Novice: 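The structure that follows is given in the form of structure tokens.
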There are 2 protein chains.
Amino acid sequence: MAERASTGVQSVERAFELLELITNARYEVTLSELAELADLPLPTIHRLLRTLVSLGYVRQLSNRRYGLGPGLIRMGEVASRQLGAWARPHLAGVVAQLGETANMAILDGDMATYVAQVPSAHSMRMFTEVGRRVHTHTSGVGKAILAQLDDAHVRRIVGRAGMPTPTDHSIGDVDALLEDLARIRSRGYSIDDNEQERGVRCYAVAVPGMPSQTAISVSGPLTRVDEQFAARAIPILTEAAHAIAADIENVNRRS
Amino acid sequence: MAERASTGVQSVERAFELLELITNARYEVTLSELAELADLPLPTIHRLLRTLVSLGYVRQLSNRRYGLGPGLIRMGEVASRQLGAWARPHLAGVVAQLGETANMAILDGDMATYVAQVPSAHSMRMFTEVGRRVHTHTSGVGKAILAQLDDAHVRRIVGRAGMPTPTDHSIGDVDALLEDLARIRSRGYSIDDNEQERGVRCYAVAVPGMPSQTAISVSGPLTRVDEQFAARAIPILTEAAHAIAADIENVNRRS
DNA sequence: AAGTAACTTCCACCATTCGGAAACATTCGA
DNA sequence: TCGAATGTTTCCGAATGGTGGAAGTTACTT
């Protein structure tokens with residue numbers, strides 16, 4: 001994880017770190033590999049893994065290697081359902097009309113996390129894994145979310161999260177960011193222009209009235225996602241955002 | 001969770017207990033509700049939740065309620081992919097031919113856990129949530145798995161897990177279970193006849209050659225799932241089991 | 001069969017966790 | 001609108017639960 005509270009429960013953090021490492025592994029992973037990746041002593045890892053195995057979130061195979069356990073499936077599905085699966089048809093509509101990858105992300109602590117994605121059918125396309133956390137100041141969705149907040153709140157978020165600059169287009173100081181946010185507010189949408197990743201452009205709009213700060217985006221390679229594309233994309237994105245908002249309003253009305 | 005190691009890391013266990021409670025909650029849950037459900041002091045829960053929030057596995061909403069966080073999505077998807085999503089088309093074939101719910105389960109510690117399911121189109125149908133853990137001795141899939149193991153191994157598993165009898169059809173002692181397993185071995189398939197749940201019958205076969213002990217089943221109400229049904233179902237189940245095994249062999253060959 | 005590497009268990013120590021009390025924030029009712 | 005009640009968050013010293021080096025066990029390789 002990119003960020004963690006210094007006052008968190010250490011053993012819980014370590015357990016989840018191991019889970020993330022196993023998730024990132026090809027399929028199975030050995031205790032020694034985990035020890036190397038996590039830089040923790042073997043018995044510490046072993047004890048945490050034993051706990052995770054007994055709880056069903058990790059499995060130990062007959063060859064003594066470890067893999068994810070079935071207990072994570074239901075939690076993952078419920079989380080997905082709660083956070084974004086119902087947005088998928090709207091995102092699919094965006095992809096159908098624009099031909100590029102559509103994402104939805106929410107403000108998650110001081111970061112933005114992708115919670116739904118419908119990928120473009122192009123071979124060369126934006127692929128961002130659902131569940132991935134990114135900095136708000138370098139992502140289209142992140143900036144669309146920040147533009148909804150007041151400047152003091154923005155300062156707190158980026159102050160805590162930091163402002164790394166992954167590319168030479170990235171914004172690195174809060175004043176420049178606040179200027180960009182002002183532009184986003186007046187223009188109605190946000191642009192990530194090679195800021196998160198070279199060669200990638202992204203347009204994003206906020207989803208109004210959501211329980212968590214939310215934005216949706218469409219993104220792809222510079223060759224296809226240009227200003228001409230934007231002229232078509234923004235109304236479609238905006239309409240999808242409003243449709244998603246209407247959906248959640250209906251869900252809330254039903255429960 | 002039904003079972004847990006007594007030498008597990010307590011704080012990790014508690015963190016996951018909270019995650020499970022949030023997963024089971026309707027959508028959002030308050031700190032006080034969690035305290036009541038978990039029977040732990042408020043500050044303990046708060047501290048664990050703060051850790052989980054900072055890691056992204058739990059979200060705190062603006063109304064101070066807690067919900068699952070997006071960090072669980074990717075782990076859940078990877079776990080699902082590793083454990084059972086690739087079996088889904090075969091299970092769907094079973095359902096298409098037989099019209100009843102098909103499940104796949106794996107041995108998970110001393111229990112069996114459902115890792116894939118394709119439900120019947122009937123209104124009245126077997127519904128078992130993916131991720132759910134059940135006792136081996138009372139479930140069709142569990143007994144199909146146990147029948148693959150030697151008697152000493154079976155004794156260890158049920159000795160540790162216990163042998164509760166949820167219905168008056170359930171097997172409650174290990175000798176009767178071993179006799180049933182002998183029958184299963186000679187007959188080639190397993191039957192859960194009102195043993196796990198009244199009114200439900202299930203036929204199951206083991207999937208050969210899997211990294212984890214695995215079985216698939218078809219189940220439904222007594223009125224439809226009878227011996228006549230079994231005569232049709234067993235060859236179809238057996239064929240699906242072999243097709244799944246062939247799939248995993250191909251996956252292993254590719255990596 | 002022997003040696004090596006990887007994994008698992010043990011247990012004394014102390015760092016981290018725990019939870020009661022206090023402080024803070026929100027909600028509800030008059 | 002204000003005060004009381006309820007719910008949530010923070011603090012910090014005690015003690016317990018987590019840690020990790022050492023020893024034991026298992027699996028793999030030659």
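Please read all numbers here as calculations on a predicted model, not as lab measurements. Heavy-atom basis, side chains included; hydrogens, waters and symmetry copies ignored. The sequence lines fix the lettering, A, B, ..., with proteins before strands; numbering per chain opens at 1.
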Novice: Nearest whole Å is fine: how far is dT8(C) P from L52(A) CG?
Specialist: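 It is 14 Å, rounded to the nearest whole Å.
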Novice: Of the nucleotides dT16(C), dG20(D), dG17(D), which one has an atom closest to the side chain of R14(A)?
Specialist: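 Ranking dT16(C), dG20(D), dG17(D) by closest atom to the R14(A) side chain puts dG20(D) first.
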Novice: Could you tell me the separation between the CD atom of Q10(B) and the P atom of dT17(C), rounded to a whole number of Å?
Specialist: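 The answer, rounded to whole Å, is 11 Å.
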Novice: Can you pull out how bent the helix from dA1(C)-dT30(D) to dA30(C)-dT1(D) is, comparing the axes over its first five and last five pairs, to 10°?
Specialist: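 Answer rounded to 10°: the end axes differ by 60°.
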Novice: Taking atom CD1 of I45(A) and atom CZ of R14(A), what is their separation to the nearest 0.5 Å?
Specialist: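 Nearest 0.5 Å value for the CD1-CZ distance: 9.0 Å.
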Novice: Nearest whole Å is fine: how far is dT19(D) P from L18(A) CG?
Specialist: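 Whole-Å distance recorded here is 10 Å.
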Novice: Between A215(B) and A144(B), which heavy-atom pair has the shortest distance, and what is it?
Specialist: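 Residues A215(B) and A144(B), closest heavy atoms: CB-CB, 3.9 Å.
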Novice: Round to the nearest Å and state the distance from L49(A) atom CG to dA6(C) atom P.
Specialist: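 So the CG-P distance, L49(A) to dA6(C), works out to 17 Å.
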Novice: Is any side-chain N or O of Y66(A) closer than 4.0 Å to OP1 or OP2 of dA6(C)?
Specialist: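 Negative; the distance criterion is not met.
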Novice: Would you confirm whether S190(B), through its side chain, and G140(B), through its main-chain N or O, come within 3.5 Å as a donor-acceptor pair?
Specialist: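 Answer holds: yes.
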Novice: Hey, do the aromatic rings of Y57(A) and F16(A) have their centres closer than 6.0 Å?
Specialist: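 So the answer is no for these two rings.
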Novice: Where the side chain of L42(B) is defined as all heavy atoms beyond and including C-beta, which of dG20(D), dG18(D), dT8(D) is the nearest nucleotide?
Specialist: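 Shortest atom-to-atom distance from the side chain points to dT8(D).
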Novice: Across the strands shown, which category fits P41(B) at heavy-atom distances under 4.0 angstrom: base, sugar-phosphate, nothing?
Specialist: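 Result for P41(B) = sugar-phosphate.
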Novice: I want to confirm an ordering. Mapping N63(A) and S11(A) to their closest nucleotides on DNA chain D, which one lands closer to the 5' end?
Specialist: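 Its nearest nucleotide being more 5', the pick is S11(A).
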Novice: Quick one: is H46(B) getting a side-chain N or O under 4.0 Å of the dT9(D) phosphate, OP1 or OP2?
Specialist: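 It does, given that an N or O in the side chain of H46(B) lies less than 4.0 Å from OP1 or OP2 of dT9(D).
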Novice: For dT9(D) and R47(B) - does any side-chain N or O of the residue sit under 4.0 Å from the phosphate oxygens OP1/OP2?
Specialist: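 No, R47(B) has no side-chain N/O under 4.0 Å of OP1/OP2 on dT9(D).
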Novice: Have R74(B) and N24(A) got a donor and an acceptor in their side chains that come within less than 3.5 Å?
Specialist: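 Yes, side-chain donor-acceptor contact under 3.5 Å.
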Novice: Reckon L40(A) touches a base, only the sugar-phosphate, or nothing at all at heavy-atom distances under 4.0 Å?
Specialist: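 Here L40(A) touches no strand at all.
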Novice: Within this structure, what is the CG-to-P distance between L61(B) and dT26(C), rounded to whole angstrom?
Specialist: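 My rounded result for the distance is 15 Å.
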Novice: Please check the phosphate of dC10(C) (OP1 and OP2 only) for any side-chain N or O of R50(A) closer than 4.0 Å.
Specialist: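 Answer is no, no contact under 4.0 Å.
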Novice: Would you say S11(A) and S11(B) are linked by a side-chain donor-acceptor pair, where the criterion is simply a distance under 3.5 Å?
Specialist: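 A donor-acceptor contact under 3.5 Å links the two side chains.
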Novice: Classify Q60(B) by what it touches in the nucleic acid, base, sugar-phosphate, or nothing, heavy-atom distance under 4.0 Å.
Specialist: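 Sugar-phosphate contact only - Q60(B) comes under 4.0 Å of backbone atoms but never of a base.
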Novice: In plain terms, say whether R155(B) and D110(B) are close enough for a salt bridge, that is, a side-chain N and a carboxylate O under 4.0 Å apart.
Specialist: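 Looking at D110(B) together with R155(B), the answer is no, because their closest N to O distance does not fall below 4.0 Å.
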Novice: Quick one: is dG19(C) close enough that its OP1 or OP2 comes under 4.0 Å of any side-chain N or O from T44(B)?
Specialist: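 So the side chain of T44(B) is within the cut-off, an N or O lying under 4.0 Å from OP1 or OP2 of dG19(C).
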Novice: Counting side-chain heavy atoms from CB outward, which of dT8(C), dT19(D), dG7(D) is closest to R64(B)?
Specialist: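 Selected nucleotide: dG7(D).
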Novice: Nearest to the side chain of L31(B), which nucleotide is it out of dG19(C), dT9(C), dT8(D)?
Specialist: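 Looking only at heavy atoms from C-beta outward on L31(B), the closest nucleotide is dT8(D).
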